[in-house]
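Have a look at the structure below before the remarks.
Note that ligands are numbered from 1 as they come in the structure, with each ligand's atoms numbered from 1 the same way.
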Amino acid sequence: MLDFVIFAVTVIVVLIIAVIYMYPSSKKISTIPGLDKTSAEDGNLMDIQRAGSLHEFLQNLHEQHGPIVSFWIGDEFVVSIASPALFKQHLSVFDRPGDLYRIVTPVFGVNSILFLNGAEGRARRQLFDKSLHHENLDYYAEHLHKVSMDLVSKWSSLVKEEHIGLQEYMAAFATKAVLQCIMGSYFTDDKEVLAFKRNFDQVWSELEHRARDPEIPSAETPRGHQFETALKELRAVMTRALEHRKKHKLGRKEELTVDHIMAAHHNDKDAMVGDCLTYICSGIPQTASMLTWCLYFLASHPKVQDKLHTELLHEFKVSGEFHPSTVLRLKYLRQVLEESLRCAVVMPWTARYQDFDTEIGGHKIPKFTAVVHALGVVMQDETLFPVPNKFDPDRFNVENSKNRDTLAFPPFGFAGKRHCPARDWVYLATSTIVASLINRFQVSLVEGQVVTPVYGMVTQPQDEVWVTVHKRARRLVPSTVA
Ligand code: HEM
């Protein structure tokens, strides 16, 4: 009898161990470490809100559980990956899980390139990519040079020691530069730029609000009403810009993004406006943020600023001209821009999914699972970038970069040839304005400020960043663009 009891108990224990081994947690649908739902309805949304942002939530989660983690957004099981090795396993994935981006749908529309997957998505990307490609940079250089010179002359006319709000000036530059390069000459008229900006600022700040607090206000509430009104106005400005472009389209040399958008959507005006707004909303806040952070870092690191100024003096003395081939050749300037993108984590994440079951890092990923690419977590990983919060452009010199995996620095995304289509343009635009300003002005931080990043869809300083500028004694005047 005793033998039978011992046998029976042993069998039961073995069975329990087998069940525990095969199903590590009865609540988990995967072997990926991470969080169970905190609330049946919202999943971990409250945890994300408590962390401050998705980026900060992911930083904590990856620190606790390693480079692959899981959590819940509402009823949706979500995976996040954060290492060059895991990124490599997603190199060819193109499709994007629209659900994670639903807050932008009212602005971009359901037909936006942002949501388009499969063969159709790839084909539209190929078409649109033609316009911002590096071969066309010479064309944009002329416009960017002019917009930069407008800002230089504004700063030249400021009273000595006047405090300058970096966010305000960089947003104004980014708005003009993006509108003119994406939409064309309609936005050489400052009145139209202002009409656009007034409404755009309201729409964007509401989207950032919704990214932090997903409760969407109804159109009857003051906030909801303000958003709807601004969005309607914004669409009206874009429609006028499209009509203007149709009438005044110039020769083939000037194939802008707007021209490809018009060709792709034939007579579907809503879809045209949606794709134009996708490009513009994906471009202005990001470029403004990158520039604000870059000039803030230069103002708070005078030695880096001096070194950059020395490079500018030397290069312009040698080449004597201001041209993409010159400004993009400046190695230290590029290091400063890359370190600004890394340190500030301008766009902290993107995402993909696949319509079949797959595997990452040895874990099964059920089909349609959203996989977040935690770009910001990787760019702040201290094993890849020691003392990650320190601004140090020398991290990006040839010697220090040579053994680093290129996927350790993916500020524009990396997967499925769907990385940011404007990457080359961004380096041209930011190189042009930063070189123009630092060539003429010494930028200094107004003392006593605490500059705190807010990680939303785009990372911005919480409050305006104040600087003063002093005209430099020795400067070279770049010649006009060839
Ligand atoms: C500092 C500036 C910028 C940064 C850091 C940045 C970063 C990114 C990132 C991370 C993505 C997601 C890529 C992916 O899913 O793999 C993206 C997509 C995109 N970006 Fe940018 N971007 C910047 C500027 C711009 C500008 C200036 C434009 C246009 C004028 C632009 C247009 C777009 C568009 C349209 C997409 C979506 C493409 C698609 O869905 O296929 N971006 N960007």
Below 4.0 angstrom from a heavy atom of Trp425, which ligand 1 atoms are there? Numbered from 1 as shown, please. 27 (C)
Would you kindly check if the NZ (Lys) or CZ (Arg) of Arg210 is within the cone defined by 45 degrees around the ring axis of Phe227 and under 6.0 Å from the six-membered ring centre? yes
Between His244 and Tyr186, how do the two ring planes meet: parallel, tilted or perpendicular, split at 30° and 60°? tilted
Determine whether the side chain, the backbone, both or neither of Met290 has a heavy atom under 4.0 Å from any heavy atom of ligand 1. side chain
Interfacing atoms of ligand 1 (cut-off 4.0 Å, heavy-atom, Gly413): 10 (C), 16 (O)
Contact check: Thr350 vs ligand 1, nitrogen or oxygen atoms, below 3.5 angstrom: yes
As a check for students: among Pro411, Ala429, Cys281, identify the option with a heavy atom nearest to atom 10 (C) of ligand 1. Pro411
Judged by modelled atom types alone, do Glu56 and Ser53 share a side-chain donor-acceptor pair under 3.5 Å? yes
Can any side-chain N or O of Asn389 pair as donor or acceptor with the backbone N or O of Cys343 at less than 3.5 Å? no
For atom 13 (C) of ligand 1, tell me which residue out of Arg423, His90, Arg418, Gln286 has the closest non-hydrogen atom. Arg418
Looking only at distances, can you tell me whether any N or O atom of Ser282, backbone or side chain, sits closer than 3.5 Å to an N or O atom of ligand 1? yes
Please confirm whether the ring centroid of His301 lies under 6.0 Å from the ring centroid of Phe391. yes
Considering only heavy atoms from C-beta outward, does the side chain of Val107 approach that of Leu207 to under 4.5 Å? yes
Option from Arg342, Arg334, Gln335 for which side-chain hydrogen bond (donor to acceptor under 3.5 Å, both in side chains) with Glu338 holds: Arg334
How close does the nearest protein non-hydrogen atom get to atom 19 (C) of ligand 1, and which residue and atom is it? Pro421 CD, 3.6 Å
Does the side chain of Trp425 reach to within under 4.5 Å of the side chain of Thr287, using non-hydrogen atoms? yes
of all protein heavy atoms, closest to atom 6 (C) of ligand 1 is Phe412 CD2, 3.6 Å
One residue to check: Arg125. Relative to ligand 1, which of side chain, backbone, both or neither has a non-hydrogen atom less than 4.0 Å away? side chain
Heavy-atom pairs closer than 4.0 Å: do any link ligand 1 to the side chain of Met347, the backbone, both, or neither? side chain
Do the two ring centres, one from Phe71 and one from Phe57, sit under 6.0 Å apart? yes
Verify whether the ring centers belonging to Phe115 and Tyr101 lie closer than 6.0 Å. no
Contact partition for Ile280 relative to ligand 1, non-hydrogen atoms under 4.0 Å: neither
Distance from atom 29 (C) of ligand 1 to nearest protein heavy atom, with residue and atom: Tyr279 O, 3.4 Å
Within reach of ligand 1, part of Ala422 (heavy-atom separation under 4.0 Å): side chain
Which residue and atom name correspond to the protein heavy atom nearest atom 20 (N) of ligand 1, and how close is it? Cys420 SG, 3.3 Å
Going by atom types alone, do His62 and Ser80 pair a side-chain donor with an acceptor below 3.5 Å? yes
Find all atoms of ligand 1 within a distance of less than 4.0 Å from any non-hydrogen atom belonging to Ile182, and give their numbers and elements. 30 (C)
Between Arg352 and ligand 1, which part of the residue brings a heavy atom under 4.0 Å of the ligand: side chain, backbone, both or neither? side chain
So is Arg96 close enough to ligand 1, meaning a heavy atom under 4.0 angstrom away? yes
Ligand 1 contact on Leu375 by region, counting heavy-atom pairs under 4.0 Å: side chain
Relative to the heavy atoms of Thr287, which atoms of ligand 1 are at a distance of less than 4.0 Å? 27 (C)
Enumerate the atoms of ligand 1 whose separation from the nearest heavy atom of Val426 is less than 4.0 angstrom. 1 (C), 2 (C), 24 (C), 27 (C)
We want to know whether Asn439 and His309 form a side-chain donor-acceptor pair, criterion being a heavy-atom distance below 3.5 angstrom. no
Using a 3.5 Å distance criterion without hydrogens, assess whether the side chain of Glu339 forms a donor-acceptor pair with backbone atoms of Arg395. no
Leu114 heavy atoms, cut-off 4.0 Å: which ligand 1 atoms fall inside? 37 (C), 40 (O)
